[in-house]
There are 2 protein chains.
Amino acid sequence: MQRNTRQREVIREVFASAGRPLTPQEAAAAAQDALPSLGVATVYRAVKELADEGWLVALTVAGTMRFELASKGHDHHHHFHCHRCDRTFDIEACAGDLSRLVPSGFVMESHELTLNGACSACVQKTRSGGRRAR
Amino acid sequence: MQRNTRQREVIREVFASAGRPLTPQEAAAAAQDALPSLGVATVYRAVKELADEGWLVALTVAGTMRFELASKGHDHHHHFHCHRCDRTFDIEACAGDLSRLVPSGFVMESHELTLNGACSACVQKTRSGGRRAR
DNA sequence: ATACTTGCAAAACATTTGCAGTGAG
DNA sequence: CTCACTGCAAATGTTTTGCAAGTAT
């Protein structure tokens, strides 16, 4: 990422303030909020560069690629995917010792853990019998 | 899945004998091997039904949706994805108590754990200086 | 016979790429 | 001024869907 344009600035801001992984689509929607003329292609391009650069990390949850800040202060964490609203949240803790799971002969370099279920917001909607759409 | 047709039989057979998660595309290719006229749409439809039904489970590894038999004798297991050969292997063990990771208010229904690294075959190829493609 | 299934092709999406115009340096 | 960046639209690739014909029950 060489030139500092308004759109890239906005895109970075979106991820910086999101606090959770965003799909390129979510990021585009949020960014267009501040810069309506911004096109999705630009978001895809910027996101890819930011990921290559290491500022963002890519992860795939529920069949969709998502990106989030590489370092948010805490180093390693995992994700919770809500199948109700399809949002992905960060989980601050790590599962711990997984090396015992690695088959002999294999070399583990990283691991990815995703919990699936309903987020608190969706749980509450369900409880109150509420029917609120996205 | 109500009627027992030749194509569904073939599709089930493909997953049953695969021994590892398959993408819809892989499944379609394998099934068309036994039933050339079979279309991808049918595979997608069948796979979705089988997954709803619980006979297959969906997982996302390395950016692609894959499906595999829900119960292969052992109940719960995880996956190891080799970034070298892009194959996914089963890991018989489960990480254990993950409920402590769930944020309060959230309800976890399942979890998915993927270890990334190199499988034994690829590790050996590397050691022996070998260079073999997929 | 009935109506669930299938194959095909079009549709719906998500992501990428080509291009000419725009703007950062 | 230059050339990287952007927006638009067309191109890709994947999964879904509409429909008429096929077939299990």
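Numbered from 1 within each chain, the chains take letters A, B, ... in sequence-line order.
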- prompt: When you measure from the side chain of R3(B), which nucleotide among dT6(C), dT14(D), dT5(C) comes out closest?
  reply: dT5(C)
query: Among the nucleotides dA14(C), dT6(D), dG7(C), which one has an atom lying closest to any side-chain atom of Q25(A)?
result: dA14(C)
task: Answer with base, sugar-phosphate or nothing: what part of the nucleic acid does S37(A) contact at a heavy-atom distance below 4.0 Å?
output: sugar-phosphate
task: Mark yes or no for whether Q32(A), through its side chain, and L38(A), through its backbone, hold a donor-acceptor pair below 3.5 Å.
output: yes
query: Rounding to a whole Å, what distance do you find between Q32(A):CD and dG7(D):P?
result: 9 Å
query: Can you tell me how far P of dC5(D) sits from CD of E9(A), to the nearest Å?
result: 15 Å
R8(A) CZ to dA4(D) P, straight-line distance once rounded to whole Å: 11 Å
message: Distance check needed: dA14(C) P versus M65(B) CE, whole Å only.
response: 13 Å
field: dC3(D) phosphate, OP1 or OP2, under 4.0 Å from Q2(A) side-chain N/O
entry: no
query: Rounded to the Å, how far apart are N4(A) CG and dA24(C) C1'?
result: 9 Å
task: Calculate the interatomic distance between L38(A) atom CG and dA9(D) atom C1'; express it in whole Å.
output: 16 Å
statement: From CZ of R6(A) across to C1' of dT22(C) the rounded distance in Å is 16 Å
- prompt: Taking H78(B) for the side chain and L113(B) for the main chain, is one N or O donor matched with an acceptor at less than 3.5 Å?
  reply: yes
task: Return the value, rounded to whole Å, for the distance between atom OH of Y44(A) and atom P of dG7(D).
output: 15 Å
message: Looking at every heavy atom in both L56(A) and V47(A), which two are closest together, and how far apart are they?
response: CD1-O, 4.1 Å
- prompt: If each of T5(B) and T64(B) is mapped to the nucleotide of DNA chain D with the nearest heavy atom, which maps nearer the 5' terminus, i.e. the 5' end?
  reply: T64(B)
field: hbond_proxy R45(A) side chain to dC5(D) base (donor-acceptor, 3.5 Å cutoff)
entry: no
- prompt: Between E26(A) and R20(A), is the closest basic N to carboxylate O distance under 4.0 Å?
  reply: yes
- prompt: Can you tell me if the side-chain N/O atoms of K48(A) get under 4.0 Å from OP1 or OP2 in dT16(C)?
  reply: yes
field: 5′-ward residue of the pair V40(A)/A41(B) relative to DNA chain C
entry: A41(B)
field: side-chain contact (heavy atoms from CB on, under 4.5 Å) between L35(A) and R6(A), worked out
entry: CA-CA 9 Å; L35(A) 195 63; R6(A) 177 96 184 89; 4.0 Å; yes
